[in-house]
2 protein chains.
Amino acid sequence: MDNLSTTEENYIKTIYHLQQSDANVGTNEVAAKLNTKAASVTDMLKKLNAKQILNYEKYKGFSLSDEGQKIALGIVRKHRLWEFFLVEKLNFRWDEVHTIAEELEHISSGLLVERLDSFLGHPKFDPHGDPIPDSNGKIEVQPQINLVDLPIGSSAKVSAVGSQSSELLELLTHKNIAIGTSISVIRKFSFDNSLEIETNASIPFTISRELALALFVTLLKEN
Amino acid sequence: MDNLSTTEENYIKTIYHLQQSDANVGTNEVAAKLNTKAASVTDMLKKLNAKQILNYEKYKGFSLSDEGQKIALGIVRKHRLWEFFLVEKLNFRWDEVHTIAEELEHISSGLLVERLDSFLGHPKFDPHGDPIPDSNGKIEVQPQINLVDLPIGSSAKVSAVGSQSSELLELLTHKNIAIGTSISVIRKFSFDNSLEIETNASIPFTISRELALALFVTLLKEN
DNA sequence: ATAATATTTTAGGCAAATCTAAATTATTAT
DNA sequence: ATAATAATTTAGATTTGCCTAAAATATTAT
Ligand SMILES: [Mn+2]
Ligand SMILES: [Mn+2]
Ligand SMILES: [Mn+2]
Ligand SMILES: [Mn+2]
């Protein structure tokens, strides 16, 4: 069926991710994500269309086929398992792992992925809180909301970060917030949209709207 | 210095290995190892010569430069560390790991290699008994000889295998021989060049010359 | 509805890595 | 020393992925 090049895999994964949030993805968006040009994207669209990996009609649009979706999920699975490995076993920080996983995700051995998965104890989420598809491509979706949407008084657990930047990690480390940390919102200030929050075992403190927007949480209990 | 492609790295590593046993490596040998043609090798020689990775004079020959040697050792280091990882952590057999390591050795992150090395406890030898170069490219050479050259009565320890085939592993497993196993040669039969040997805790048995040729040992004591 | 703008596609070319077939140089056997 | 053979290099194509510039189509604004 398929022996895909690294380049083809990167296109497939990128199109998959873009289609998650935006149903009508265009060549320019893909080009921007892959640091290439729209003309190159068109070339690849034709190639992937010929391989039945996506459905493409010129000038009308394109989307991954079922087969393409499956391939994409396989790459995402590998990417996130390797990220987990790098953080849990090799002591990388989560702001360092994406680039390396971008290469590791293209190692072809299927057996390797499954052995790695076992070795890691079948993790469900990567270091950024993103779900790891299982070997069938199923994703466990945890109902999560943005911290800015968490009602005052509700308690929640940080489940994912919206950015993988060192800057975010630096701030979170300083504020003692990590994935798994319990948070409840005490007050919101309309002047600058900052939030007063309380975490596990500390006195309340204030965080910016920017920071809150970068945090996703799962509800624990309502008030 | 350089950002080398996977293809370039494979050429460099192959030339390095060939030059270990044969000082005058030719384009045909390289081509055979890389499943390509001599004409393609010539093209790459010119390219690597331009990059100062090897010294090349047309029709006269070629050999790795010091820089090239260093690059080769870096790739060998990665290859063998990953093989060790696959066997020790992911429970692969040593006849399964080469192909996978052939891909993993091209992952570029230098930090990854060093972290992996630490995680694995700075192993000195890969699962086939081949030495793992350290981060400076130094190789710990252990004085080893072929089992057929082991004098009768001498005791030795299996240190490396000369083939990575499943067939060899199957036979070794059946005979309860692994890297680390102690062996002494009791008798040699000139009719078929078979050897009677004794291992750790078993009664003596006979092995073929083919098998003996595939085993390398380090001397323990002489008689 | 038409014009202006944005998006997408095509045309034509380039670089890396490969190939086959032919030419060149080196080696060897007589 | 010459001829036969082997090894190596060049010539000319091919494939993949990428590019710029221009053409075609779609979208939007008037
Ligand atoms: Mn990638
Ligand atoms: Mn991630
Ligand atoms: Mn390789
Ligand atoms: Mn090995």
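Reminder, nothing fancy here: chain letters follow the sequence lines and each chain counts from 1.
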Answer whether the closest heavy-atom distance between the side chains of Leu4(A) and Lys51(A) falls below 4.5 Å.
yes
Atom-to-atom span, CG of Asn49(A) to C1' of dT9(C) - whole angstrom:
14 Å
On the 0 to 90° scale, with breaks at 30° and 60°, tag the Trp82(A)-Trp82(B) ring pair as parallel, tilted or perpendicular.
perpendicular
Between Leu48(B) (CG) and dA16(C) (P), how many Å, whole number?
12 Å
Asn28(B) vs dA6(D): side-chain N/O to OP1/OP2 distance below 4.0 Å:
no
N/O (side chain, Lys58(B)) to phosphate O (OP1/OP2, dT24(C)) under 4.0 Å:
no
For Thr27(B) and dT8(D), is the shortest distance between a side-chain N/O and OP1 or OP2 below 4.0 Å?
yes
Has the side chain of Tyr59(A) got a donor or acceptor atom sitting under 3.5 Å from an opposite partner on the base of dT7(C)?
no
Residues pairing under ring pair (Phe, Tyr, Trp, His ring centres under 6.0 Å) where one sits in residues 15-45 of chain A, two or more places apart or in two chains, turn out to be none
N or O in side chain of Tyr11(B) less than 4.0 angstrom from dT18(C) OP1/OP2
yes
Integer-rounded Å distance: dA6(D) P and Glu29(B) CD:
16 Å
Please report the distance, rounded to the nearest Å, between NZ in Lys46(A) and P in dC18(D).
14 Å
If you compare every side-chain N and O of Lys60(A) against the phosphate oxygens of dT25(D) (OP1, OP2), does one of them come in below 4.0 Å?
no
Return the residues of residues 33-43 of chain B meeting this criterion: a heavy atom under 4.0 Å from some atom of DNA chain D. Order them by number, or give none.
Ala38(B), Ala39(B), Thr42(B)
Can you tell me the distance, in whole Å, between the CD atom of Glu57(A) and the P atom of dA26(D)?
11 Å
Using whole Å, what does the distance between atom C1' of nucleotide dT10(C) and atom OH of Tyr56(A) come to?
10 Å
Does the side chain of Ser208(A) come within less than 4.5 Å of Leu195(A)'s, by heavy atoms?
no
I need the CG-C1' distance between Leu4(B) and dA15(C), as an integer number of Å.
16 Å
Give the rounded distance in Å between these two atoms: CZ of Phe62(B) and C1' of dT9(D).
13 Å
Find out whether His174(A) and Glu170(A) are in side-chain contact, i.e. whether some heavy atom of one side chain is under 4.5 Å from a heavy atom of the other.
no
Please determine whether a side-chain nitrogen of the Lys or Arg among Glu102(A) and Lys13(A) lies less than 4.0 Å from a carboxylate oxygen of the Asp or Glu.
yes
Contact list for residues 111-134 of chain B, test ring pair (Phe, Tyr, Trp, His ring centres under 6.0 Å), sequence neighbours left out:
Trp94(B)-His128(B)
